[in-house]
There are 4 protein chains.
Amino acid sequence: MSGTTQDATGATNAAPKRQRRGDTRQRIQDVALELFAEQGYEKTSLREIAERLDVTKAALYYHFKTKEDILIGLFQDLQRPIDELIEWAGTQPRTLDTKREILRRYSVALADVAPLFRFMQENQAAVRELSVGETFKDRMIRLIDTIKEPDAALTDQVRCTSALFTMHAGMFVLRDVEGDPEEKRKAVLEVAIDLVTQAHAGTQSSGS
Amino acid sequence: MSGTTQDATGATNAAPKRQRRGDTRQRIQDVALELFAEQGYEKTSLREIAERLDVTKAALYYHFKTKEDILIGLFQDLQRPIDELIEWAGTQPRTLDTKREILRRYSVALADVAPLFRFMQENQAAVRELSVGETFKDRMIRLIDTIKEPDAALTDQVRCTSALFTMHAGMFVLRDVEGDPEEKRKAVLEVAIDLVTQAHAGTQSSGS
Amino acid sequence: MSGTTQDATGATNAAPKRQRRGDTRQRIQDVALELFAEQGYEKTSLREIAERLDVTKAALYYHFKTKEDILIGLFQDLQRPIDELIEWAGTQPRTLDTKREILRRYSVALADVAPLFRFMQENQAAVRELSVGETFKDRMIRLIDTIKEPDAALTDQVRCTSALFTMHAGMFVLRDVEGDPEEKRKAVLEVAIDLVTQAHAGTQSSGS
Amino acid sequence: MSGTTQDATGATNAAPKRQRRGDTRQRIQDVALELFAEQGYEKTSLREIAERLDVTKAALYYHFKTKEDILIGLFQDLQRPIDELIEWAGTQPRTLDTKREILRRYSVALADVAPLFRFMQENQAAVRELSVGETFKDRMIRLIDTIKEPDAALTDQVRCTSALFTMHAGMFVLRDVEGDPEEKRKAVLEVAIDLVTQAHAGTQSSGS
DNA sequence: AATGAATGAGCCTTCATTCAT
DNA sequence: CATGAATGAAGGCTCATTCAT
């Protein structure tokens with residue numbers, strides 16, 4: 001009824017949610033990821049998250065409708081780079097060079113979202129039934145599809161899959177191997193590229 | 001809760017209700033694995049396990065001191081074949097042929113304990129802090145050590161690690177790829193052997 | 001179990017169900033004391049307390065972090081008068097008159113917190129390991145110290161201890177003796193004062 | 001305290017139970033007392049008792065029909081000395097000397113059954129409702145009756161009660177006071193005798 | 001934008017007890 | 001004399017969620 005002044009949010013926002021003083025949502029996600037990654041999704045309670053943020057549990061419910069929603073929010077934020085990569089890959093010619101570039105970009109992207117990725121890896125069971133679970137697997141499959149030829153030999157398909165998983169595994173398993181992280185990343189990337197290169201070669205010769 | 005399955009004892013049940021006494025412990029583990037794998041460790045309650053076995057929760061506690069203990073029991077079953085493999089590897093000369101045989105055996109062992117393995121893979125977060133968690137990673141490392149040369153190039157070390165993870169990943173990811181399981185297993189094994197072969201070759205030439 | 005008392009809100013209940021909000025914590029303590037005293041700490045379940053208050057168990061946990069915490073809260077209420085007495089005693093000269101006054105005040109204080117005291121007396125075993133157990137004994141010792149001379153003869157020390165315990169015991173044992181409570185309290189007090197007086201006299205003469 | 005009764009089974013006992021290999025019942029009681037005293041009746045589980053005896057819980061049920069029964073057994077064994085004292089008191093003239101002797105004997109008896117006594121004192125709440133609870137309080141009252149004159153002044157009645165409680169309290173509270181136990185026992189006894197003597201004197205003069 | 005209070009469901013665990021063997 | 005296996009009941013506690021304020 002008094003109308004207009006209520007929505008001070010109004011005027012300028014061409015892009016929504018421009019507010020400086022509304023970082024709570026973000027802080028919730030940050031803390032949540034931290035705890036989810038550390039203890040697992042199921043084992044992390046909203047109480048813990050709230051406590052670490054020094055707000056009440058009820059406050060969380062102002063920003064997220066459910067616990068799962070926090071996870072979904074998290075998920076979407078950090079899934080974007082992968083989506084962009086897949087999209088980009090779609091615009092490129094299906095050459096070996098492109099595939100190599102996909103792996104390179106993926107390697108970088110992976111390093112950026114490492115904590116979330118680790119979390120996803122370690123909580124597959126908990127996340128599977130979540131409305132978001134399918135999406136994750138789908139994304140993986142689509143990504144694999146960008147580097148593997150559908151009519152390739154089974155072994156070459158395995159190679160492409162393996163290339164991706166090598167990169168995933170690399171992050172966790174190599175953690176307690178000697179050496180500088182960047183160097184390790186490169187080594188992992190090299191092996192992955194190798195695998196894809198072999199797969200590609202196989203496809204070419206069998207194809208021609 | 002109490003009387004639910006009483007009537008199921010009736011006509012159609014192909015599996016007998018009153019199996020030979022003394023197998024309860026085993027049956028608990030079987031059902032537990034089934035449910036843990038399906039829903040995750042945290043999300044599976046003892047009530048569910050008990051109900052499916054048509055015993056009371058308290059009965060579970062006669063056989064296992066805690067929920068975690070059920071998991072540990074499961075875990076040890078999984079560990080045995082791997083331990084045996086590691087032990088066997090220790091007795092063999094460190095040749096390429098040996099390494100290939102290790103992978104072959106591992107592939108078979110893995111197929112045997114697949115559900116358990118899948119569970120472990122998907123519940124790392126839940127299993128990590130389990131008094132037994134360390135052991136699992138340790139075992140992996142020791143297994144990798146049987147196929148990788150300590151002074152090899154970083155990429156070759158990655159290859160060996162990748163060989164193992166390829167086999168792990170193969171079981172889950174390739175599940176929704178066309179083709180007969182045994183054929184897929186062989187393809188995966190082939191790629192793994194390839195990786196180790198390359199790693200071995202690299203080591204040889206750099207060593208000489 | 002859930003909705004049982006919903007309808008009890010109805011006509012006949014003389015005590016109002018919806019007391020002024022905010023007193024819940026106090027009400028929990030009141031009911032808890034009542035039940036603890038009646039049945040013992042261990043034998044009283046949170047369910048009982050909750051049921052009698054017509055709230056859920058979980059509500060108790062909003063106000064107290066644990067069952068033991070309810071006891072501790074209770075305890076602190078009991079402690080306050082005694083602490084104040086000890087503190088006051090510290091400010092007074094160590095004369096016989098002071099000691100007599102301590103007993104007088106203690107007698108009154110005791111009558112005020114009688115139920116709680118009775119509970120403590122009767123649940124020593126249950127309370128002993130509880131963080132609150134030590135504190136209780138300490139308090140007794142410090143109180144005794146205010147009336148007994150450290151260098152007194154052993155018998156006189158016993159007399160002082162006995163004076164205090166006479167007052168404790170008096171409350172419970174004399175309950176089924178004939179006579180008006182106030183009169184009994186006075187008789188008990190008189191004996192206690194007598195004991196301390198004797199102890200004091202002994203100390204004086206032996207000291208001079 | 002542990003093995004005390006082992007040898008007492010020996011020669012002199014006219015009562016049956018002649019078997020050497022049937023001390024299990026006794027051992028159960030010993031261990032039970034030990035644990036009850038240490039942790040309280042409620043907090044001690046049959047599992048603990050069984051474990052410490054290295055038998056199964058079910059074995060306990062061969063010897064005692066219920067957990068409470070163990071307590072009752074314990075109770076009866078150790079209540080005997082008090083009953084005997086009361087009985088003996090009944091045969092004596094009601095003189096001051098007799099009263100003093102009662103106290104002396106009680107003091108000794110108390111020292112013998114100290115652990116049980118302590119347990120009873122500290123577990124009144126748990127023991128109260130036990131079919132045997134009344135008996136304990138009754139016994140106390142009857143014992144007090146042997147040293148107090150029914151028509152005495154209230155203060156003198158308190159003195160007699162106090163005399164008994166002094167002895168009870170003495171055992172527990174004086175435990176962390178300096179000095180040899182036997183000396184302390186005597187000091188406590190002396191004060192108790194003093195109290196009864198005063199009470200007796202009061203009665204005499206008011207009576208004449 | 002957030003809190004205080006409470007709920008309902010469920011969880012893991014423990015206990016005293018029973019009974020066929 | 002004692003065990004192995006199991007039960008029914010209950011216990012303390014935690015969790016995601018709600019809602020009036």
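Only a predicted model underlies this, so the values are computations on that prediction, with no experimental measurement involved. Atom set for the values below is all heavy atoms of this structure, side chains included, hydrogens, waters and symmetry mates excluded.
Side chains of Gln121(A) and Gln121(B): a donor-acceptor N/O pair is absent below 3.5 angstrom, by distance only.
The separation between Phe64(D) atom CZ and dC15(E) atom P is 19 Å, rounded to whole Å. Atom NZ of Lys43(B) and atom P of dG10(E) are 14 Å apart (whole Å).
Figure legend. dG10(E) is base-paired to dC13(F); pairs are counted as Watson-Crick or G-U wobble with both atom distances under 3.5 Å. Across all strands shown, the partner of dT18(E) is dA5(F), judged by Watson-Crick or G-U wobble contacts whose two distances both fall under 3.5 Å.
The side chain of Ser45(C) places no N or O atom within less than 4.0 Å of a non-bridging phosphate oxygen (OP1 or OP2) of dA10(F). The phosphate of dC13(F) has OP1 or OP2 within less than 4.0 Å of a side-chain N or O from Tyr61(C). The shortest distance between the side-chain N/O atoms of Thr56(D) and the OP1/OP2 oxygens of dG4(F) is not below 4.0 Å. For dT14(E), the OP1/OP2 oxygens have no side-chain nitrogen or oxygen of Arg47(D) closer than 4.0 Å. Residue His63(D) places at least one side-chain N or O closer than 4.0 Å to OP1 or OP2 of dA2(F).
Under a cutoff of 6.0 Å and an axis angle of 45°, Lys43(D) and Tyr41(C) do not form a cation-pi pair.
The existence of a salt bridge linking Glu122(B) and Arg118(B) is confirmed by a sub-4.0 Å separation between a basic side-chain nitrogen and an acidic carboxylate oxygen.
Side chain of Leu46(D), nearest nucleotide from dT13(E), dA16(E), dT17(F): dA16(E). Of the candidate nucleotides dA5(F), dA1(E), dC12(E), dA1(E) has the atom lying nearest to any side-chain atom of Tyr62(A). Counting only heavy atoms from C-beta on, Ala58(C) has its side chain closest to dC15(F) among dT18(F), dT3(F), dC15(F). Distance from the side chain of Lys67(C) is smallest to dC13(F) among dT17(F), dT18(F), dC13(F).
In this structure, Gln29(B) contributes its side chain and Gln26(B) its backbone to no donor-acceptor pair below 3.5 Å.
With the nearest nucleotide of DNA chain E identified for both Ala59(C) and Thr66(B), Ala59(C) has the one nearer the 5' end.
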